[in-house]
Amino acid sequence: MGRAMAGRRCLLAMLLLLAVFGPVRAAPLDSALDLVTGNDFAPFTGEDLSEGGLLTDIVRRAFDEVGLRYGVRFMPWRRGYDGVRAGKFLGTFPYVRTPDREMEMLFSDPLLEVRQLVYLSAHSSMVFHTPEDFRGRTVCAPVGHALPAELATLAAAGALTRESPGDLPACVRMVASGRVDAFVIDEFTGRSAVAKAMVGDEIRIAPLPYARAGQHLILSRSLPEATAILAAFNAGLKKLKDSGAFEEILRRHLSASP
């Protein structure tokens, strides 16, 4: 058996032991591969946020709970996702489940479940009751962000128009100006983005939430140890929640957000 294969099998065995029995007291396992995430997603991720953002803090702390250490890089969302898929990086976060992503990636337990809200232009007559209300409209979703499944289906059928600027602030400005009708994102990120853009008078929120969605850590299905790493991570996340530290992290980050 070659050294590389033996090392990989040893790593898999250690990860499974971590998931079942908790941290190993010897030196923590390291990886040459980093985790990646992106900017402009306050309060969840961002280089300018405390601890890199709420979910960056949670991901790091969950790995700490099982004795694993990984670096976190910040880069454009699309580049990070493609890098994970190509095996250049270990994993990325936070992502919601979509059918296309599930073909390529394995998903952790939810880092956090959030309400997705519909943010509308004050200049648009659009109302929201069901996804069908988006038919014939223009919706904004930045590069690297997925539309909700129902809206993706409408877009693929040509029943709605998607605008995909480089980042979320551009979407906020486009909706505020009336160039597009709406964007859909979680309540915390949406509130922070609108406040930062100082366009509150130009944006309104539909009374009915679009849905609830989980935010996840994802690893490529092509990574042999992905299942074992996620099992260890999920065990660490559970420890974090059971200890009460998870709620403390939420309070600290969300109290600092706009």
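Since this is a predicted model, take the numbers as computed values, not measurements.
A distance of 11.5 Å separates CD1 in Ile203 from CZ in Arg173, rounded to the nearest 0.5 Å. Distance check, rounded to the nearest 0.5 Å: CZ of Arg78 to OG of Ser164 gives 10.5 Å. For the atom pair Thr138 OG1 and Leu160 CG, the distance stands at 8.0 Å (nearest 0.5 Å). Atom OG in Ser50 sits 5.0 Å away from atom NE2 in His253 (nearest 0.5 Å). Atom OG in Ser220 sits 10.0 Å away from atom CG in Leu90 (nearest 0.5 Å). Distance check: Thr98 OG1 to Glu104 CD gives 8.5 Å after rounding to the nearest 0.5 Å.
Contact detail for Arg101 and Val96: the closest heavy-atom pair is NH1-O, 2.9 Å. The two residues Pro94 and Leu55 come nearest to each other via the heavy atoms CB-CD1, 3.5 Å. Residues Ala193 and Leu168 share a closest heavy-atom pair of CB-CD2, 3.9 Å. Summarising the geometry of Val180 relative to Cys140, their closest heavy-atom pair is CG2-CB, 4.0 Å, with the distance given to 0.1 Å. The two atoms that bring Pro209 and Phe128 nearest to each other are O-CE2, 3.8 Å, heavy atoms only. Across all non-hydrogen atoms, the minimal contact from Cys171 to Phe183 is O-CD2, 4.2 Å.
Phe233 and Phe63 have tilted rings, their planes meeting at an angle from 30° to 60° on a 0 to 90° scale.
The number of heavy atoms from other shown groups lying within 6.0 Å of CZ (Arg79) does not exceed 12. Applying the 6.0 Å contact sphere to CZ of Arg179 captures no more than 12 heavy atoms from other residues, nucleotides or ligands. By the 6.0 Å contact criterion, NZ on Lys241 is enclosed, its count of non-hydrogen atoms from other residues, nucleotides or ligands being greater than 12. Atom CG of Asp48 sits in a crowded spot, with more than 12 heavy atoms from other residues, nucleotides or ligands closer than 6.0 Å.
A heavy-atom distance below 4.5 Å is found between the side chains of Phe74 and Thr37. Side chains of Pro110 and Gln215 form no contact here, defined as non-hydrogen atoms less than 4.5 Å apart. Residues Val84 and Ile218 are not in side-chain contact: their nearest non-hydrogen atoms beyond the backbone lie 4.5 Å or more apart. Leu154 places a side-chain heavy atom less than 4.5 Å from the side chain of Glu132. Counting heavy atoms from C-beta on, the side chains of Glu150 and Phe134 never come closer than 4.5 Å. Residues Tyr210 and Pro131 have side chains in contact (heavy-atom distance under 4.5 Å, counting atoms from C-beta outward). Residues Leu112 and Ile58 form no side-chain contact, since every pair of their non-hydrogen atoms from C-beta on lies 4.5 Å or further apart. Contact of the Phe89 side chain with the Arg73 side chain is registered, since non-hydrogen atoms from C-beta on lie closer than 4.5 Å.
Hydrophobic clustering (side-chain heavy atoms under 4.5 Å, transitive across Ile, Leu, Val, Met, Phe, Trp, Tyr) keeps Val139 apart from Leu117. Cluster annotation: Phe44 is connected to Val194 through the hydrophobic network of ILVMFWY side chains, with a link wherever side-chain heavy atoms come within less than 4.5 Å. Side-chain heavy atoms closer than 4.5 Å link hydrophobic residues (I, L, V, M, F, W, Y) into clusters, and following such links, even through other members, never connects Tyr95 to Leu147. Using a 4.5 Å cut-off between side-chain heavy atoms of Ile, Leu, Val, Met, Phe, Trp and Tyr, with links allowed through other members, Met174 and Leu120 fall into different hydrophobic clusters. Note on Leu237: it clusters hydrophobically with Leu254, by side-chain heavy-atom contacts below 4.5 Å among ILVMFWY residues.
A salt bridge is defined here as a Lys NZ or Arg NE, NH1 or NH2 lying under 4.0 Å from an Asp or Glu carboxylate O, and Glu248 with Arg252 meets this definition. Under 4.0 Å is where a charged nitrogen must lie from a carboxylate oxygen, and between Arg115 and Asp186 no such pair does. With respect to the salt-bridge test (charged N to carboxylate O, under 4.0 angstrom), the residues Arg85 and Asp82 qualify.
No side-chain donor-acceptor contact under 3.5 Å links Thr56 to the backbone of Thr45. Judged purely by atom type and a 3.5 angstrom limit, Ser108 has no side-chain atom pairing as donor or acceptor with the backbone of His216. A donor-acceptor distance shorter than 3.5 angstrom exists from the side chain of Asn234 to the backbone of Asp109, with no hydrogens or angles considered. No donor-acceptor distance shorter than 3.5 angstrom exists from the side chain of Asp133 to the backbone of Met126, with no hydrogens or angles considered. Within the 3.5 Å criterion, the main-chain N or O of Leu54 finds no donor-acceptor partner in the side chain of Asp57. Judged by distance alone, the side chain of Arg221 and the main-chain N or O of Glu102 form a donor-acceptor pair under 3.5 Å.
The distance between the ring centers of Phe41 and His145 falls below 6.0 angstrom.
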Exercise for review: Could you walk me through whether Val72 and Val59 pass side chain to side chain contact (heavy atoms under 4.5 Å, CB included), step by step?
Suggested key: CA-CA 10 Å; Val72 177; Val59 167; 5.6 Å; no
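Applying salt bridge (charged side-chain N to carboxylate O under 4.0 Å, His left out) to Asp181 and the options Arg137, Arg135, Arg204, Arg162 leaves one that passes, Arg137.
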